[in-house]
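Report on the structure given below.
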Amino acid sequence: MTKWLAQQTLSKMRFDLSIIRPGIDAVNEKMALEMGVSALDMGIGKMPKGHDADKKEFICPACEKTIIYMDIKEKHKHCLNCGQALQWH
């Protein structure tokens with residue numbers, strides 16, 4: 001199973017959980033599912049926004065912080081601020 005498929009599966013599960021099994025356990029399970037979806041989403045590479053090769057900076061697609069780099073942009077596999085996985089192509 002890929003990270004993307006797992007994230008999609010968990011996303012669908014979180015909506016059914018509160019309808020099928022209401023109660024305290026369902027709330028905890030739903031919170032755990034939300035955390036899992038968020039963690040998996042951060043691991044799926046996203047294209048950086050606003051890349052400026054002259055200034056050697058790009059904007060993270062998740063936290064939208066400007067990241068300045070001194071070396072080759074492709075060496076940055078994750079956002080230095082939030083940890084979002086980056087995909088350069």
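The first residue of the sequence shown is numbered 1, and numbering continues consecutively from there.
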Pairwise side-chain hydrogen bond (donor to acceptor under 3.5 Å, both in side chains) hits with a residue in residues 51-69, at least two apart: K49-E64, H51-Y69

Enclosure of M47 CE (heavy-atom neighbours >12, cutoff 6.0 Å): yes

Least distance between heavy atoms, L80 atom then I67 atom: CD1-CG2, 3.8 Å

Validation: residues 82-89 side-chain donor-acceptor distances under 3.5 Å, sequence neighbours left out:
unit_1, atom_1, unit_2, atom_2, d
Q84, NE2, M42, O, 3.4
Q84, NE2, I44, O, 2.8
W88, NE1, K73, O, 3.2
W88, NE1, H76, O, 3.0

Pairs flagged by salt bridge (Lys or Arg N to Asp or Glu O under 4.0 Å) wherever residues 39-48 is involved - sequence neighbours left out: D41-K46

